[in-house]
Amino acid sequence: MKTQYLALSLGFVAVLAATQVTQAQQNGRCAARSVVLDRLSTSFGETRRSIGMAPNNSLVEMHASGETGTWTITVTHPNGTTCMVAAGTAFEAVEEELPASLGDPA
């Protein structure tokens, strides 16, 4: 069930990310993968917390810091360009079952 919940969450993120990638590229939030990951690590203390593949063969990742509470969602394209598509604060890791009232996501 946890795997299905994670897959559902990553699917939602993939759709969100796909719609925001063009805007991110226009706003200068894209760079080589190593540059983006170094910035997230050194400036915010963020590490990768989850990963998934988008339908267009892009890699969708969520990075977060348990200490600062910041989080960032990135999309890495097959050409190696990584774009930051969403970010925020108050990150909290949650591992829980979906309520029965929501039904089986499969």
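Quick caveat, the model's predicted, so the values are computed rather than measured.
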Legend entry - Non-neighbouring partners of Asn57 that pass side-chain hydrogen bond (donor to acceptor under 3.5 Å, both in side chains), sequence neighbours left out: none
Nearest-0.5 Å distance that lies between atom [atom1] in [X] and atom [atom2] in [Y]:
| X | Y | atom1 | atom2 | result |
| --- | --- | --- | --- | --- |
| Ser50 | His63 | OG | NE2 | 8.5 Å |
| Phe91 | Arg49 | CZ | CZ | 4.5 Å |
| Asn56 | His77 | CG | NE2 | 7.5 Å |
| Arg39 | Thr82 | CZ | OG1 | 14.0 Å |

Inset, instruction - Consider only side-chain heavy atoms of I, L, V, M, F, W and Y, link residues closer than 4.5 Å, and tell whether Met53 and Ile51 are in one cluster. - result: yes
Inset, instruction - Only counting residues at least two apart or in another chain, list the ones meeting side chain to side chain contact (heavy atoms under 4.5 Å, CB included) with Ala87. - result: Thr72
Inset, instruction - Could you pull out all residues at least two apart from Thr68 that satisfy side chain to side chain contact (heavy atoms under 4.5 Å, CB included)? - result: Ser65, Thr70
Legend entry - Test side chain to side chain contact (heavy atoms under 4.5 Å, CB included) applied to Leu40 and Thr74, step by step: CA-CA 10 Å; Leu40 294 176; Thr74 62; 4.0 Å; yes
Legend entry - For Arg33, all residues meeting salt bridge (charged side-chain N to carboxylate O under 4.0 Å, His left out), sequence neighbours excluded: Glu61
